[in-house]
Structures are given as C-alpha cells and as structure tokens.
Amino acid sequence: MIEIKTLEQAEDLKHSRRVLKYVLLFCTSGEITLSVDENEYLITKNSVLTITSGQIHFIKNSNNATGFVLEFTYDYFCKNDNDIELIFHNGLFCHFAMNEVIPVDNSETVLQELQLIEKELIETPYQYLISTHSRIELILIEINRSK
C-alpha cells in the first residue's frame, strides 16, 4: 500500500527489480545513479526521480547519497479524479522510457513531508493513512510546481 525508507535502508534497490508500485526517490545529499528501464539517471541533492509502476530499476552507483524512497500503490493513492490527475499531471508517473530528474525548488517542504510520512507510518496514529495520502499530495504538488 505505502512504504517509506531511507536510501541507506533500500537494500532491495541494489538489485534489478520491478514492482507494481509508484516509486519516488528524493536525494537529500550526495548523488546516486539509478538505472530505469536500461537508462541511467544521475540524481543529485534536492532532486527527485519518479518511477512508474512496472518499470525495472536499481541503484547502479551511490556517492554518499542520502534521501528517501517512497512507494505507494495505485489503489492506495488514486481515490478520485483529482488524485489521478495529480499523479499523472506533467507526466510524473506515466512516462515509460521518459523518466526525468526534477530539481525541487521547495526541497525543505518535500523533505519535511517525507519525514512526517515516515513518522506516521512508524507510529500509526488514528487516521494515519488519510494523513499520509494528503502529505503525498503536497509532495506531488511541489514537484509539479518545480517541473
């Protein structure tokens, strides 16, 4: 449904994988080279790369990279037409072979929301899934604005 981890915890990304989830990788320091469908992308500080459900991807190289990997399913996120428009607007997640690294203008907001999602998923307070859904919306809005 929804999962968040740090780049340091993302052992599963060290090997080629295909998941039926939408993946958002946000780099907070250093740089990381990610292979997505046989194309390489260099993700640097305060940049994001989105990966569409079903794309084959793995970390090819990491140079002191820190950051977050957020994964969520279509069923979890897309509850109405606004959600569907947000996830696919500007081609964030509907881009087979057209992924792009997006420098985030308001990176502090994205970082803060990712940290709050991490906290919500650890503590699981009342209505935490509603809260995390709203936080993902805010993150996607920031990325769309930067793009």
Side-chain angles (χ1 to χ4, degrees), residues 1-78 83-125 128-129 131-147:
M1 209 165 40
I2 180 173
E3 181 181 359
I4 192 167
K5 56 194 159 205
T6 63
L7 280 174
E8 297 84 6
Q9 296 167 330
E11 292 292 321
D12 55 334
L13 284 175
K14 292 183 180 178
H15 306 285
S16 182
R17 71 182 196 145
R18 178 190 310 241
V19 294
L20 297 178
K21 297 178 183 176
Y22 294 89
V23 180
L24 185 145
L25 192 142
F26 180 68
C27 182
T28 56
S29 69
E31 59 185 35
I32 188 165
T33 303
L34 202 73
S35 175
V36 181
D37 289 344
E38 300 181 7
N39 296 310
E40 288 186 16
Y41 300 92
L42 180 65
I43 308 155
T44 56
K45 182 178 179 178
N46 298 330
S47 293
V48 68
L49 178 74
T50 58
I51 302 167
T52 300
S53 179
Q55 286 190 290
I56 297 170
H57 58 281
F58 65 94
I59 295 173
K60 191 157 190 176
N61 187 28
S62 178
N63 187 10
N64 299 318
T66 60
F68 287 93
V69 179
L70 176 67
E71 299 177 352
F72 54 90
T73 61
Y74 181 89
D75 290 347
Y76 167 72
F77 188 75
C78 293
D83 293 341
I84 293 168
E85 180 181 341
L86 183 59
I87 198 170
F88 296 123
H89 185 69
N90 284 338
L92 284 185
F93 286 101
C94 62
H95 47 47
F96 286 98
M98 294 175 52
N99 303 71
E100 66 180 300
V101 176
I102 303 167
V104 179
D105 296 333
N106 196 352
S107 59
E108 284 301 314
T109 297
V110 172
L111 177 59
Q112 180 181 9
E113 294 303 331
L114 288 167
Q115 290 169 333
L116 289 169
I117 289 171
E118 182 179 44
K119 183 179 183 213
E120 291 276 319
L121 293 176
I122 290 169
E123 296 176 1
T124 63
Y128 74 99
L129 290 175
S131 171
T132 55
H133 183 278
S134 297
R135 294 181 190 292
I136 293 172
E137 285 181 321
L138 292 171
I139 290 168
L140 295 180
I141 289 167
E142 286 299 329
I143 294 169
N144 276 325
R145 288 177 177 173
S146 296
K147 188 174 175 179

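For clarity, every value in this text was computed on a predicted model and none was experimentally measured. Computed from heavy atoms alone, side chains included, the values below leave out hydrogens, waters and symmetry copies.
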Could you pull out every donor-acceptor pair under 3.5 Å between side chains of residues 138-145 and any protein atom, sequence neighbours left out?
unit_1: Asn144; atom_1: OD1; unit_2: Asn90; atom_2: ND2; d: 3.3
unit_1: Asn144; atom_1: ND2; unit_2: Leu140; atom_2: O; d: 3.3

message: So which atom in Val19 and which in His57 form the shortest heavy-atom distance, rounded to 0.1 Å?
response: CG2-CE1, 4.0 Å
message: Just so I know, are the side chains of Val48 and Ile43 near enough to count as touching, which here means a heavy-atom distance under 4.5 Å?
response: no
Residues that Glu100 engages under salt bridge (charged side-chain N to carboxylate O under 4.0 Å, His left out), provided they are two or more places apart: Lys147
task: Verify side chain to side chain contact (heavy atoms under 4.5 Å, CB included) between Leu34 and Leu25, making sure each step is shown before the conclusion.
output: CA-CA 10 Å; Leu34 202 73; Leu25 192 142; 4.3 Å; yes
message: When you compare the side chain of Leu20 with that of Thr73, does any pair of heavy atoms fall below 4.5 Å?
response: no
field: Any residue meeting side-chain hydrogen bond (donor to acceptor under 3.5 Å, both in side chains) with Ser146, in chain and number order, not counting sequence neighbours
entry: none
field: Nearest atoms (heavy-atom pairs only) where Cys27 meets Gly30
entry: SG-O, 3.6 Å
query: Taking only residues two or more places apart in sequence, or in another chain, which ones meet Ser47 in a side-chain hydrogen bond (donor to acceptor under 3.5 Å, both in side chains)?
result: none
query: Could you give the distance from CG (Asp75) to CE (Met1), rounded to the nearest 0.5 Å?
result: 10.0 Å
message: Show, in sequence, the C-alpha distance, side-chain angles and deciding distance for Ile2 and Leu121, and conclude whether the side chain to side chain contact (heavy atoms under 4.5 Å, CB included) test is met.
response: CA-CA 9 Å; Ile2 180 173; Leu121 293 176; 3.9 Å; yes
query: Looking only at atom types and distance, does a side-chain atom of Tyr74 sit under 3.5 Å from a main-chain N or O of Ser53, one as donor and one as acceptor?
result: no
message: Just to verify, what does Glu118 make a side chain to side chain contact (heavy atoms under 4.5 Å, CB included) with, not counting sequence neighbours?
response: Ile4, Thr6, Phe68, Ile122
Main-chain N/O of Ser131 paired to His133 side chain as donor or acceptor, under 3.5 Å: no
- prompt: When rounded to the nearest 0.5 angstrom, what distance separates OG1 in Thr33 from CG in Asn63?
  reply: 8.5 Å
- request: Could you list the residues that satisfy salt bridge (charged side-chain N to carboxylate O under 4.0 Å, His left out) with Lys14, not counting sequence neighbours?
  value: Glu11
message: So, taking the atom named OG1 in Thr50 and the one named CD1 in Ile102, what distance separates them when rounded to the nearest 0.5 Å?
response: 5.5 Å
message: If the condition is ring pair (Phe, Tyr, Trp, His ring centres under 6.0 Å), which residues does Phe93 pass it with, not counting sequence neighbours?
response: Tyr22, Phe72
message: Any heavy-atom pair between the side chains of Glu31 and Lys45 that's under 4.5 Å?
response: no
- request: State, with a plain yes or no, whether a side-chain heavy atom of Glu137 is found less than 4.5 Å away from one of Asp83.
  value: yes
task: Grab the two heavy atoms, one from Leu70 and one from Ile117, that are nearest each other, plus how far apart they are.
output: CD1-CG2, 4.3 Å
statement: Residue set satisfying side chain to side chain contact (heavy atoms under 4.5 Å, CB included) with Ala65, at least two apart, ordered chain then number -> Leu7, Ile32, Ser62
- request: Apply side chain to side chain contact (heavy atoms under 4.5 Å, CB included) to Ser35 and list each qualifying residue two or more places apart in sequence or on a separate chain.
  value: Phe58
- prompt: Got a sec, which residues hit salt bridge (charged side-chain N to carboxylate O under 4.0 Å, His left out) with Asp105, two or more places apart in sequence or on another chain?
  reply: none
message: So does Ser107 get a backbone contact from the side chain of Asn46, meaning a donor-acceptor N/O pair under 3.5 Å?
response: no
message: Atom CD of residue position Glu8 - does it have more than 12 heavy atoms of other residues, nucleotides or ligands inside 6.0 Å?
response: yes
message: For Glu113, give me all partners under salt bridge (charged side-chain N to carboxylate O under 4.0 Å, His left out), at least two apart in sequence or on another chain.
response: Arg135
query: Quick check: does any side chain N or O of Thr132 sit under 3.5 Å from a backbone N or O of Leu129, one acting as donor and the other as acceptor?
result: yes
message: Going by side chain to side chain contact (heavy atoms under 4.5 Å, CB included), name the residues that satisfy it together with Glu123, two or more places apart in sequence or in a different chain.
response: Lys119, Pro125
query: Between Leu49 and Val36, is any pair of side-chain heavy atoms under 4.5 Å apart?
result: yes
